[in-house]
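Okay, structure first, notes after.
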Amino acid sequence: MTYKSSKGNRRVMVTKKLISDALLQLLEVKSIEKITITELCETAHVNRSTFYHHYNSQYEVLTEIEDEKVEDIKALLNKMDKTRSFTIREQVEAICVYLKENKSAFLLFMNSKYILKDFSEKLFNITMDKSFAEEHAPKELSDEQKKLWENFYQGGLYYLTYSWLSGNLAATPSEVADLICSLAPVR
């Protein structure tokens, strides 16, 4: 019974991988809004009924891929924390290395109008928790102004990362981490 269950799970994983790879391939040439389920199924070599067994739309596939990448970054940071105590700078560099290694997928996410805001917030929230914003925002700001400061910082980090991955900023992951940390130095 266990064998059959794990075999089914493996089949589901392979099917979902085919669909997500096909979506990433299609996103290289067109926007998510212009990708049809038929086209996605043809590219993935799966039936429409198989697609609809796992997903409701191409947007759901994209969100799942995005969530997996975010979870990969969280797992990377959790693994680092168990090895020894890492500084924020080292964590930021590890994230930059991961982003660079997965550049094409992240650029697709960042270029998608559909998930721009959500993805930006997820990336920001991985390393920058509420205490970071409270610690680094100027003390004289009101709560509302601190939220605006956090949004400003989040947007700046996002655009800096996008510019770097797009090739508009020639720097190593280490140099990008130094720049990010210098913009809001850890006290």
Side-chain angles (χ1 to χ4, degrees), residues 1-80 91-92 94-130 132-133 147 150-167:
M1 185 72 174
T2 307
Y3 173 75
K4 188 174 181 180
S5 174
S6 66
K7 185 176 179 182
N9 288 339
R10 190 170 344 122
R11 188 174 303 140
V12 168
M13 289 172 40
V14 168
T15 301
K16 286 185 157 202
K17 175 90 170 108
L18 288 170
I19 293 169
S20 63
D21 288 350
L23 182 62
L24 290 174
Q25 180 183 344
L26 290 169
L27 282 170
E28 290 180 8
V29 293
K30 59 172 56 176
S31 66
I32 186 98
E33 300 83 19
K34 295 186 179 178
I35 297 173
T36 65
I37 299 303
T38 300
E39 181 179 29
L40 182 55
C41 290
E42 287 172 0
T43 304
H45 303 290
V46 299
N47 294 322
R48 284 177 62 90
S49 60
T50 301
F51 176 88
Y52 284 115
H53 180 73
H54 299 290
Y55 301 103
N56 293 315
S57 70
Q58 67 274 37
Y59 299 99
E60 193 174 309
V61 179
L62 185 61
T63 300
E64 185 175 280
I65 297 167
E66 169 198 328
D67 290 344
E68 286 173 4
K69 292 296 183 194
V70 169
E71 288 303 315
D72 287 349
I73 294 172
K74 287 180 183 177
L76 172 72
L77 294 176
N78 286 337
K79 184 178 176 183
M80 289 178 70
Q91 291 177 6
V92 170
I95 291 171
C96 289
V97 168
Y98 181 81
L99 292 173
K100 186 81 169 180
E101 289 171 353
N102 295 275
K103 174 180 159 178
S104 59
F106 282 102
L107 281 173
L108 290 173
F109 299 149
M110 293 173 151
N111 282 323
S112 172
K113 294 176 191 170
Y114 170 69
I115 58 173
L116 179 63
K117 186 178 184 308
D118 290 343
F119 187 65
S120 172
E121 288 175 3
K122 287 176 186 178
L123 275 181
F124 182 76
N125 289 333
I126 290 172
T127 55
M128 310 304 176
D129 59 16
K130 294 293 181 202
F132 177 87
K147 182 64 180 161
E150 183 180 323
N151 290 339
F152 176 79
Y153 190 76
Q154 175 184 340
L157 281 177
Y158 188 80
Y159 190 73
L160 183 147
T161 304
Y162 177 77
S163 294
W164 173 57
L165 292 176
S166 302

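The first residue in the sequence is number 1, and the count goes up from there. Keep in mind it's a predicted model, so treat the numbers as computed, not measured.
- Contact of the S20 side chain with the L24 side chain is not registered, since no non-hydrogen atoms from C-beta on lie closer than 4.5 Å.
- Enclosure of atom NE2 in H54 by more than 12 non-hydrogen atoms of other residues, nucleotides or ligands within 6.0 angstrom is indicated.
- For E66 and K69, the salt-bridge test fails: no basic side-chain N is under 4.0 Å from an acidic carboxylate O.
- A distance of 7.0 Å separates OG1 of T36 from CD of E42, quoted to the nearest 0.5 Å.
- We find the OG1-NZ distance between T50 and K16 to be 13.0 Å, quoted to the nearest 0.5 Å.
- Of the possible polar contacts, one joining the Q58 side chain to the I35 backbone as a donor-acceptor pair under 3.5 Å is found.
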Is there a side-chain contact (heavy atoms from CB on, under 4.5 Å) between L23 and I32 once you walk through the steps? CA-CA 8 Å; L23 182 62; I32 186 98; 3.9 Å; yes
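- Note: D67 CG to D72 CG = 11.0 Å, rounded to the nearest 0.5 Å.
- Residues L76 and I95 approach most closely at CD2-N, 4.4 Å, considering heavy atoms.
- Between the CZ atom in F106 and the CG atom in L99 there is a gap of 5.0 Å [rounded to 0.5 Å].
- The two residues F51 and N56 have their closest heavy-atom pair at CE2-C, 4.4 Å.
- In this structure, L27 CG and L107 CG are separated by 12.0 Å, a value rounded to the nearest 0.5 Å.
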Trace of the side-chain contact (heavy atoms from CB on, under 4.5 Å) decision for I37 with Y55: CA-CA 10 Å; I37 299 303; Y55 301 103; over 6 Å; no
